[in-house]
Chemist: 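Questions regarding the structure given below will be posed in turn.
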Amino acid sequence: MKKLIIGLSALLFATSSVAASSVIEGVVEKSEVITTKVGSDGRPLLGAAVGVGVGSLFGSGSGKDAAQIAGGLIGAKRQANKRKQMLYGWRYIIKANDELQVVDAWCAQPNQQCTGVVKGKEVYIINGEEVVVK
């Protein structure tokens with residue numbers, strides 16, 4: 001049994017997969033800011049319903065009614081505060097190997113504006129997803 005486990009472990013480590021990567025050289029023909037919204041819209045009615053449900057678990061009589069009302073108000077307020085956030089990025093049109101390639105690069109965090117690469121710069125396109133200045 002030990003030999004089987006050792007053999008399987010050796011096989012797993014010996015056949016580790018290596019991700020293929022491609023790097024293409026090119027020149028930025030055009031760069032422009034792009035945006036999209038991420039996240040979910042707040043739904044106050046849904047939050048209120050959940051809050052009433054949670055509130056009904058506490059108290060009895062008029063105390064239970066007060067807990068349901070408080071739960072509904074808290075739930076509605078929390079859901080109303082959830083908003084979509086803006087995600088900024090850059091769309092690059094890059095001439096590489098006599099072809100135009102379009103690459104969208106997004107900033108690391110929502111609501112953060114990141115710097116881009118200007119027209120005429122020589123760049124590398126990595127795996128068709130990332131643009132790095134040469």
Side-chain angles (χ1 to χ4, degrees):
M1 185 68 170
K2 288 181 185 179
K3 289 182 182 180
L4 178 64
I5 292 172
I6 292 171
L8 287 174
S9 299
L11 182 64
L12 284 174
F13 288 117
T15 59
S16 62
S17 62
V18 177
S21 62
S22 67
V23 178
I24 302 170
E25 293 183 38
V27 177
V28 176
E29 293 289 316
K30 183 179 180 181
S31 61
E32 60 188 10
V33 175
I34 55 175
T35 60
T36 188
K37 289 192 175 199
V38 294
S40 60
D41 288 327
R43 291 183 171 76
L45 292 179
L46 179 61
V50 170
V52 168
V54 171
S56 68
L57 300 174
F58 300 99
S60 62
S62 61
K64 187 172 193 163
D65 294 339
Q68 287 177 324
I69 292 170
L73 292 173
I74 292 169
K77 184 175 181 175
R78 286 183 57 100
Q79 281 293 74
N81 288 338
K82 287 187 178 180
R83 302 196 192 274
K84 286 190 173 187
Q85 294 181 322
M86 188 68 71
L87 189 62
Y88 294 94
W90 288 88
R91 174 163 291 148
Y92 299 108
I93 299 175
I94 300 168
K95 187 171 187 177
N97 301 329
D98 295 326
E99 295 180 6
L100 292 178
Q101 306 236 354
V102 178
V103 179
D104 291 344
W106 297 99
C107 301
Q109 297 291 323
N111 296 327
Q112 171 191 13
Q113 294 184 3
C114 51
T115 57
V117 181
V118 296
K119 179 180 177 179
K121 284 282 191 182
E122 293 182 356
V123 295
Y124 295 113
I125 304 171
I126 302 172
N127 294 332
E129 299 174 352
E130 188 178 349
V131 176
V132 179
V133 176
K134 190 172 177 181

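None of the values given here were measured: they were computed from a predicted structure. Values reported hereafter were calculated over all heavy atoms of this structure, with side chains retained and with hydrogens, waters and symmetry mates removed. FYI, the numbering just counts along the sequence from 1.
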Chemist: Flag yes if Ile125 and Val117 sit in one hydrophobic cluster, no otherwise; membership is Ile, Leu, Val, Met, Phe, Trp, Tyr, and two members link when side-chain heavy atoms are under 4.5 Å apart.
Modeler: yes
Chemist: Quick one: does any side-chain atom of Asn127 pair with a main-chain N or O of Ser22 as donor and acceptor, under 3.5 Å?
Modeler: yes
Chemist: Should Val28 and Val118 be marked as a side-chain contact (heavy atoms from CB on, under 4.5 Å) after you check the CA-CA gap, both sets of side-chain angles, and the distance that decides it?
Modeler: CA-CA 7 Å; Val28 176; Val118 296; over 6 Å; no
Chemist: What heavy-atom pair brings Ala96 and Gly26 nearest, and what distance separates the two atoms?
Modeler: CB-CA, 4.1 Å
Chemist: Does atom CD (Glu99) have a neighbourhood of more than 12 heavy atoms from anything else shown, all under 6.0 Å?
Modeler: no
Chemist: Can any side-chain N or O of Tyr92 pair as donor or acceptor with the backbone N or O of Val131 at less than 3.5 Å?
Modeler: no
Chemist: If two hydrophobic side chains count as joined below 4.5 Å and joins carry through other members, does Val132 share a cluster with Val102?
Modeler: no
Chemist: Is the closest side-chain heavy-atom distance between Glu129 and Val103 below 4.5 Å?
Modeler: no
Chemist: Under a single-linkage definition using a 4.5 Å side-chain heavy-atom cutoff for Ile, Leu, Val, Met, Phe, Trp and Tyr, are Ile34 and Leu87 assigned to the same hydrophobic cluster?
Modeler: yes
Chemist: So, Trp90 side chain and Cys114 main chain: donor-acceptor pair closer than 3.5 Å or not?
Modeler: yes
Chemist: When you measure from the side chain of Lys30 to the backbone of Ile93, do you find a donor-acceptor pair of N or O atoms at a distance under 3.5 Å?
Modeler: no
Chemist: In the structure I gave you, are the side-chain heavy atoms of Val27 and Val123 within less than 4.5 Å of one another anywhere?
Modeler: no
Chemist: Any Lys/Arg nitrogen of Lys119 or Glu29 sitting under 4.0 Å from an Asp/Glu carboxylate oxygen of the other?
Modeler: no
Chemist: What's the shortest heavy-atom distance between Gln68 and Ser56, and which atoms?
Modeler: NE2-CB, 3.1 Å
Chemist: Tell me whether Ile94 is reachable from Val23 by hopping between hydrophobic residues (I, L, V, M, F, W, Y) whose side-chain heavy atoms are closer than 4.5 Å.
Modeler: no
Chemist: For Glu122, which residues count as a side-chain hydrogen bond (donor to acceptor under 3.5 Å, both in side chains) partner, sequence neighbours excluded?
Modeler: none
Chemist: Step by step, would you call Trp106 with Thr36 a side-chain contact (heavy atoms from CB on, under 4.5 Å)?
Modeler: CA-CA 10 Å; Trp106 297 99; Thr36 188; 3.7 Å; yes
Chemist: Please answer: with hydrophobic residues joined when any side-chain heavy atoms are less than 4.5 Å apart, are Val50 and Leu73 in the same cluster?
Modeler: no
